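Report on the structure given below.
Just so it is clear, the model here is predicted, and its values are computed rather than measured. Protein chains get the first letters and strands the later ones, always in sequence-line order, with residue 1 at the start of each.
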Amino acid sequence: MQLNRLFETIYILLNRKNVTAKELSEKFEVSIRTIYRDVETLSATGLPIYMSRGNGGGISLLPEFVLNKTILSDSEKNDILSALQSLNAVNASSTNNTLSKLSTVFGIDSLNWIEVDYSDWSDTKKTVFETIKQATVNRTLLHFNYYNKNGDSSRRTVEPITLWFKDKTWYLKAFCLNKDDFRVFKLNRIQNIEGTNEHFEKKDFPNISASKEVTIQSTKIVIKVDSSQSYRVYDEFDEKDIVKNDDDTYTVTMNFVEDEWVYGYLLSFGNYAKVLEPPHIKDILVDRMKKSLENYS
DNA sequence: CGGCCCACATTTACGGTCAA
DNA sequence: TTGACCGTAAATGTGGGCCG
């Protein structure tokens, strides 16, 4: 990967609306295939780069990106220039280095600081996650159907801000255009997600505690677990939430958003755990087990 | 003759593989 | 990492024939 080729490509794109891969390949004296690979790399940094086919087609940056001064100021353009010059002078070598410089210049925090292994996720969940990730990085609007607790669905258009992992579950912090307010969406309840090319100005998500609207109501649940499950207890909970009892059992305190998942999760301990608090969850679980029993009798 | 449609050509992107 | 080669797809351009 020739380093400054990427920078120069961007610089050319900033000054020209469109350039074909062939043209670039001739300029840089590399093959067309290499140019396409470069574009792939640039795209991976979150740069809104796209290509169009046919006569008059070629490689370009999203016009909003080039024109919008808030995204790319003159000083940032100068940054690119100086980065180019310094690279020419130093002749540095490392793709990672290039990518992080690019990210810095463009103010895009899309580097691989986090890795999510979703090999055992369903295709739907993967799609939802990937679409949100792309839209968050590129700051483009998202459309999706959202199911609330009661199973009612509504079509939403949102400005994604952050993917958020809390209590073993993924959430999306976003600005909802339908409600004209900030909202937190549970990924599991999102369906028929669609990305768009419509850009938006990034807003800062308000402090959770400052806004009641977006507070996620979690329930304090206390369970007593058999010692045979110690591997699960220490694997899945924080040490400070685990109390080892004299009778060789564990008392675990957890805070979860109460929903189907939690009931299933608690039941997954089978007869090795017992819910101590709150009473209403106890009742729900008893009810479920009774119904399960009926199914098998 | 002018306008329309269709088939074909051209230009460009896109992804895979393999060897250097 | 790159280049060479392969096939494929999509958008656009072109030319010829048909029809009113």
Side-chain angles (χ1 to χ4, degrees), chain A residues 1-68 71-72 80-106 108-119 121-143 192-199:
Chain A
M1 175 94 31
Q2 249 228 315
L3 291 171
N4 45 11
R5 206 173 54 225
L6 293 177
F7 277 106
E8 258 191 271
T9 304
I10 294 168
Y11 201 69
I12 289 168
L13 288 171
L14 286 171
N15 287 299
R16 294 181 45 179
K17 282 182 190 123
N18 193 299
V19 63
T20 64
K22 187 164 175 277
E23 258 182 278
L24 285 178
S25 75
E26 280 163 6
K27 178 172 169 51
F28 295 131
E29 294 180 319
V30 294
S31 67
I32 293 180
R33 189 71 183 86
T34 302
I35 298 296
Y36 288 135
R37 284 196 267 246
D38 282 354
V39 170
E40 211 176 304
T41 309
L42 290 173
S43 175
T45 70
L47 204 70
I49 194 167
Y50 72 96
M51 297 188 258
S52 48
R53 301 169 195 232
N55 215 347
I59 305 158
S60 23
L61 295 175
L62 276 181
E64 296 90 339
F65 184 81
V66 181
L67 296 175
N68 194 331
I71 297 177
L72 193 73
I80 299 171
L81 248 188
S82 49
L84 259 173
Q85 285 159 349
S86 69
L87 274 175
N88 270 332
V90 184
N91 196 18
S93 62
S94 147
T95 307
N96 258 346
N97 199 4
T98 311
L99 293 186
S100 64
K101 277 185 178 152
L102 273 182
S103 304
T104 312
V105 168
F106 290 102
I108 296 160
D109 39 5
S110 67
L111 282 183
N112 302 327
W113 59 273
I114 186 171
E115 192 175 306
V116 180
D117 178 2
Y118 38 53
S119 51
W121 285 13
S122 67
D123 285 345
T124 324
K125 203 172 170 188
K126 275 184 209 168
T127 310
V128 169
F129 193 87
E130 264 306 308
T131 312
I132 291 177
K133 191 181 99 186
Q134 284 302 325
T136 307
V137 169
N138 295 331
R139 289 178 202 161
T140 48
L141 294 183
L142 278 174
H143 302 300
N192 302 345
I193 191 160
E194 275 177 80
T196 69
N197 287 325
E198 298 166 67
H199 277 260

Among residues at least two apart in sequence or on other chains, which ones pass side-chain contact (heavy atoms from CB on, under 4.5 Å) with A:Asn192? A:Asn145, A:Arg155
For atom CD1 of A:Ile35 and atom P of C:dT2, their distance in whole Å: 10 Å
Those residues at least two apart in sequence (or on a different chain) that pass side-chain contact (heavy atoms from CB on, under 4.5 Å) with A:Ser25 are A:Ile32, A:Ile35
If I compare all heavy atoms of A:Glu194 with all of A:Thr131, which pair ends up nearest, and what's the gap? C-CG2, 4.3 Å
Sequence neighbours excluded, the answer for side-chain contact (heavy atoms from CB on, under 4.5 Å) partners of A:Glu23 is A:Arg16, A:Val19, A:Thr20
Sub-3.5 Å pairs of nitrogen or oxygen atoms, protein against nucleotides 16-18 of chain B:
residue	atom	partner	partner atom	Å
B:dG16	N7	A:Arg33	NH2	3.2
B:dG16	O6	A:Arg33	NE	2.9

Not counting sequence neighbours, which residues clear side-chain hydrogen bond (donor to acceptor under 3.5 Å, both in side chains) with A:Ser52? List them please. none
Report the residues that fulfil side-chain hydrogen bond (donor to acceptor under 3.5 Å, both in side chains) with A:Lys27, sequence neighbours left out, ordered by chain and then residue number. none
Using a 4.0 Å heavy-atom cut-off to protein, can you give one letter per nucleotide of nucleotides 7-13 of chain B, 5' to 3': B if the base is in contact, S if only the sugar-phosphate is, - if neither? ----BBB
With sequence neighbours left out, write down each residue that passes side-chain contact (heavy atoms from CB on, under 4.5 Å) with A:Ser31, or none if nothing qualifies. A:Arg33, A:Thr34
What heavy-atom pair brings A:Asn18 and A:Ser60 nearest, and what distance separates the two atoms? ND2-OG, 3.9 Å
